[in-house]
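In what follows, a structure is listed as structure tokens, so that the remarks can point back to it.
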Amino acid sequence: MKAEPRTILRFLLEYFEIINELYEIQSKDSVITFEALNEIITKHKTDIKQQLIDYKILNSVNDNFEIRTVYYNLIEFILSEFKPMLPETIEKYHVSIAELFRKIKDNIKGDKVILNQRLTDLAGEIRAFYEMVEKNTISLLNETRELKANVKKIDYREKIVRASRWIDEYIIPLNKILDINHSASIANKLYDISEFSNKHRLVCDDENTRVLFEKLYFQMIQVNDNLLRQSKILTTELLPLIERIRTESIILTGWITFLKNPYKQKVPKIFEGKRTNIYSKNTFFNASELFEQFKNDTAVYFEEEINTDEKWIFDKEFFTEKLKSNLPVTDFFKWCNKTLKEEYKKVEIEKFFALTTLAFDEDIQRDFGKKPEFDKIKINDLTLTVPKITITKYGIS
Amino acid sequence: MEFPNHHRQIVEDLMSGKFILPQERTYPVLKDNEQSYTYFFKASFNYDLKITQDFVYLVSDESNETLSRDICIFIAILSYEIDREGKNFMELIQFSEFEVDEIENYFTNSSYIDLILSNKQLKDTDSRKNFINTLNRRNIIEKTSDNRFMFTSAHKFFMDFAVDIVKFENAEQN
């Protein structure tokens, strides 16, 4: 059934709410299932399924449906809800535009009808290319702003992934396409077309062709301006914005990870400040030197002195016998000194005094002489002044 | 022997643990004499001099780990709380002035309250005031009045650390 154009447009207007819901489902799921269609129709209590198919708005795919591309694009355009397209999709225009331009250049003096058709087609391709770029920039900006506002409460890690994907897969390649300084870019090709059409709008001998070149030239001026604007949006607005989202999300993810276990993470090294004392620059070092002494305490051991020499005991009996055998002794202290020298080779003061105790023995007969006489005896460094005592008798002997 | 201008101040500032910022008069001197100062600090003290476009600082093996950790906790909580309010934490930290009361508000109402209370330098208002003064001494913030301050470009040192955490984690996962 071929419907009247006005009928279709009126139908679209009247049931736009339902069509919009179908558009959203298809945008999300790529297809409208039989159940989804029925659900929407039941919800709105209006069965327009047959009209949707009759007016060729819906196309049946197996048991499901999809909105035909022309209507889909129309709704998309009206709603300005474009999905970002991969730059590969846009790249196809590079081939078609370059090919048409090459044929125009090669056959500039050929069949005018074909030349004019090619010029019209080229203008159409350029328009389509530009519209696609514009749609893509708008959609990327919308998506980026939405990501920035984070209405959908997307996790930081997911934000990093999305931002990185858009930068690497969409924005940078799209920017390459629009980079006029890049010899292989479409923008560069458009610049060549602009120069070529500028020349031929003046020199071409066929009037129709001249008009077409003229149209093409002015279209090129506008497209080049617009592309430059799109390129600026990409580089000055979109790229920094999305870069910031990415950095922000990375930093926040890092902080959240850190805060999960802040005392187990290695932290960046910051300098341990050195203190300066106001009263003396050396105080710190002096104090530190002082404390350093106590820092490394070494164990100190005291060894008990072991006296290897046997303790000397005065053998009174032995020396009494010696004295008895030497009787009479004219000078007792000299005898003591001499006896010790004989016995030990060296006289020690302790031994000397021990030996002199024999003079106090009760059994000894001492004679001090009529007049006291004194002698000097040297024992090591000590000089003793001793009286002269004569021992004449011991006991009853 | 001739030394560059402001040599004494450069040494004193760096040795006291300060970050030297691009707007300081000592920064261009360091930048112009990067090689000789790097050698000077290495040969004299065995310290590494790091010069970036945002700050200059010294690195030694004796790092003040506690302070570094507390600064990380402070900036991490602040970033998290600002973001939770729906504001752009990076822009605010980079360009805005903060009031001490505002910081108090973020910290007393933070969901990281247990971590805050267990941290000596951040646990209460007085500790946080002292801590802010420490940040000021180190040139990580600049006090604009008694109870207002701005972060300096030295804060990026810690932001870079947060980025490194994610990089390290990703590398580990791969």
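This is a predicted model, so every value here is computed, not measured. Each chain gets a letter, A, B and so on, in the order the sequences are listed, and its residues count up from 1.
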request  = Identify which of B/Ile71, B/Asp83, B/Val59 forms the greatest number of heavy-atom pairs closer than 4.5 Å to chain A.
outcome  = B/Asp83
key: Greater than 12 external heavy atoms within 6.0 Å of A/Asp225's CG   = yes
note = The reported gap from CD1 in A/Ile270 to CD1 in B/Ile140 (rounded to nearest 0.5 angstrom) is 5.5 Å
ask   = Roughly how far, to the nearest 0.5 Å, is the CD atom of A/Glu272 from the CE atom of B/Met15?
value = 12.0 Å
ask   = Can you name the one residue among B/Phe55, B/Tyr57, B/Tyr47 that meets ring pair (Phe, Tyr, Trp, His ring centres under 6.0 Å) with A/Phe271?
value = B/Tyr47
key: Close side-chain approach of B/Ser63 to A/Pro268, heavy-atom, < 4.5 Å   = no
request  = Determine the option with the most heavy-atom pairs under 4.5 angstrom with chain A, choosing from B/Val163, B/Leu58, B/Ile77.
outcome  = B/Leu58
inquiry  = Counting only heavy atoms not in A/Glu39 (residues, nucleotides, ligands), do more than 12 fall under 6.0 Å from its CD?
reply    = no
message = Below 4.5 Å, heavy-atom pairs only: which of B/Tyr80, B/Phe89, B/Phe158, B/Phe157 has the largest tally toward chain A?
response = B/Phe89
query = Quick check: are there more than 12 heavy atoms from other residues, nucleotides or ligands sitting under 6.0 Å from CD of B/Gln53?
reply = no
task = State whether the number of non-hydrogen atoms from other residues, nucleotides or ligands found under 6.0 Å of B/Lys156 atom NZ is greater than 12.
result = yes
ask   = Using a cut-off of under 4.5 Å for heavy-atom pairs, which of B/Arg69, B/Arg137, B/Lys167 has the most such pairs with chain A?
value = B/Arg69
ask   = Side chains of B/Asp61 and A/Lys269: closer than 4.5 Å at any heavy-atom pair?
value = yes
query = Who in residues 251-266 of chain A is close to chain B, using a strict under-4.5 Å heavy-atom cut-off?
reply = A/Ile251, A/Leu252, A/Thr253, A/Gly254, A/Trp255, A/Ile256, A/Thr257, A/Phe258, A/Leu259, A/Pro262, A/Tyr263, A/Lys264, A/Gln265, A/Lys266
task = Would you mind checking which part of B/Asp164 comes under 4.5 Å of any heavy atom in chain A, side chain (CB onward), backbone (N, CA, C, O), both or neither?
result = neither
ask   = Is the number of heavy atoms from other residues, nucleotides or ligands within 6.0 Å of CD (B/Glu85) greater than 12?
value = yes
inquiry  = Would you say that more than 12 heavy atoms from the other residues, nucleotides or ligands in this model lie under 6.0 Å from the NZ of B/Lys143, or not?
reply    = yes
query = Does OH belonging to B/Tyr39 count more than 12 external heavy atoms closer than 6.0 Å?
reply = no
message = If you count heavy atoms of other groups shown closer than 6.0 angstrom to CZ of B/Phe3, is the number above 12?
response = yes
message = Counting heavy-atom pairs under 4.5 Å with chain A, which one of B/Asn88, B/Leu67, B/Asp160 comes out on top?
response = B/Asn88
